[in-house]
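Report on the structure given below.
Letters A, B, ... mirror the listed sequences (proteins, then strands); counts begin at 1.
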Number of protein chains: 2
Amino acid sequence: MTGKPRDGGRKGFTDRELDIMSVLWREGSGTVAEVRDALGGDVGYTTVLKMLQILEEKEAVSHEREGRAYRYIPLVESVNAGGRALRRIVNKIFHGSAEMLLATLVEDRDFSDEEIQRMRSVLDRAERRRDEE
Amino acid sequence: MTGKPRDGGRKGFTDRELDIMSVLWREGSGTVAEVRDALGGDVGYTTVLKMLQILEEKEAVSHEREGRAYRYIPLVESVNAGGRALRRIVNKIFHGSAEMLLATLVEDRDFSDEEIQRMRSVLDRAERRRDEE
DNA sequence: CGTTGTCAACGATGACCTTCGTAGCGATCG
DNA sequence: CGATCGCTACGAAGGTCATCGTTGACAACG
């Protein structure tokens, strides 16, 4: 009857936590009020504050004083969080097949030619990187 | 002080739930004992049963009798769950950029030439699908 | 027929998530 | 100066998650 241990660091974000991290990644940093505004203002001020304090306890963000308020700064990088999340999905849902993942992604949404071209370039770069070593 | 409502259907899976759904997707179906074995046997029988009952309550699986036991069958398809999870990630972490997502994916792991070729084919198909309509 | 083993149902437990109410503190306004 | 405002700190409330103990059925073994 243990429940899960508090994630002292490293794993994943819950929905609300991800909402908040998303704002910080996009803006670079944010005070409580700024984050709350970016979320549309439909959550209470103290709720956002509490989430930020919990995220700090998990070492996902830190803060520095700015006037009377705190400015919160992400410590975890979005690319790292994204890599973890993608690994989880490709393993648990697509049985390790990146091809199936990509197929699901492109079928899910209509991408422009430019987007598809850029994705192709990503694959080209990956291949070139492979070849030259 | 509300907490989140129990997800009566549709959204996402928690870690353990995903472990279990992953087994059912891979095997097609499973009894409690089969799922438990597939997970490595390091969780209690009643834990697995309970999770399956919760998943059934969420309408992610159903069951039919098989001898004295129940056989659980996934109702949610992996591709749908994958699509939802990918949308969440691309929006919240990669700010809507599928290119960034793909770049993170291919940098995270070393793919073989065959895998990269297959991913390229996925993009080709997507483009062809776009052109012919 | 009693013991043993497999199985589903139920309830409890402990940790966490998300939401706020309330309080305290300093600055600003009137 | 007193009221108010913006801010952080504290803690509680109600819900989920993940785990399992216990119970009761039922069948198979000896």
Could you tell me whether A:Arg109 and A:Glu115 have a side-chain N and a carboxylate O separated by less than 4.0 Å? yes
Contact under 4.0 Å: A:Gln53 side-chain N or O vs D:dA9 OP1/OP2: yes
Would you kindly give the CD1-to-C1' distance between A:Ile20 and C:dC17, to the nearest whole Å? 12 Å
Which is true for B:Ile54 with a 4.0 Å heavy-atom rule: it touches a base, it touches only sugar-phosphate, or it touches nothing? nothing
Any carboxylate oxygen within less than 4.0 angstrom of a Lys/Arg side-chain nitrogen, looking at B:Asp110 and A:Arg130? no
Is it true that A:Asp15 and B:Lys92 make a salt bridge, defined as a side-chain N closer than 4.0 Å to a carboxylate O? no
When the distance from CD of A:Glu57 to P of C:dC17 is rounded to whole Å, what number comes out? 9 Å
Rounded to whole angstrom units, what separation is found between the CG atom of B:Leu49 and the P atom of C:dA9? 7 Å
Does any part of the side chain of B:Phe13, heavy atoms only, come nearer than 4.5 Å to the side chain of A:Ile93, both counted from C-beta? no
Closer to the 5' end of DNA chain D via nearest nucleotide, is it A:Gly3 or A:His63? A:His63
To the side chain of B:Ala69, which of C:dC7, D:dA18, C:dC17 is closest? C:dC7
So which protein N/O to nucleotides 20-29 of chain D N/O distances come out below 3.5 Å?
unit_1: D:dC20; atom_1: OP2; unit_2: B:Gly44; atom_2: N; d: 2.9
unit_1: D:dC20; atom_1: OP2; unit_2: B:Thr47; atom_2: OG1; d: 3.2

What is the distance, rounded to the nearest whole Å, between atom CD of B:Glu66 and atom P of C:dA8? 11 Å
Distance-only criterion, 3.5 Å: show the donor-acceptor pairs between side-chain atoms of residues 38-56 of chain B and protein atoms not counting sequence neighbours.
unit_1: B:Glu56; atom_1: OE1; unit_2: B:His63; atom_2: ND1; d: 3.0
unit_1: B:Glu56; atom_1: OE2; unit_2: B:His63; atom_2: N; d: 3.4
unit_1: B:Glu56; atom_1: OE2; unit_2: B:His63; atom_2: ND1; d: 2.7

B:Asp19 has an atom CG; how far is it from atom C1' of D:dC17, in whole Å? 13 Å
Under 4.0 Å between a side-chain nitrogen and a carboxylate oxygen: does that hold for A:Asp19 and A:Arg16? yes
Taking the side chain as C-beta and beyond, is there a heavy-atom pair between A:Met21 and A:Val61 under 4.5 Å? yes
Could you give the CE-to-P distance, from B:Met51 to D:dC17, as a whole number of Å? 8 Å
What is the separation between atom CZ on A:Arg16 and atom P on C:dT19, rounded to the nearest whole Å? 4 Å
Over how many whole Å does the gap from A:Tyr70 atom OH to D:dG6 atom C1' extend? 14 Å
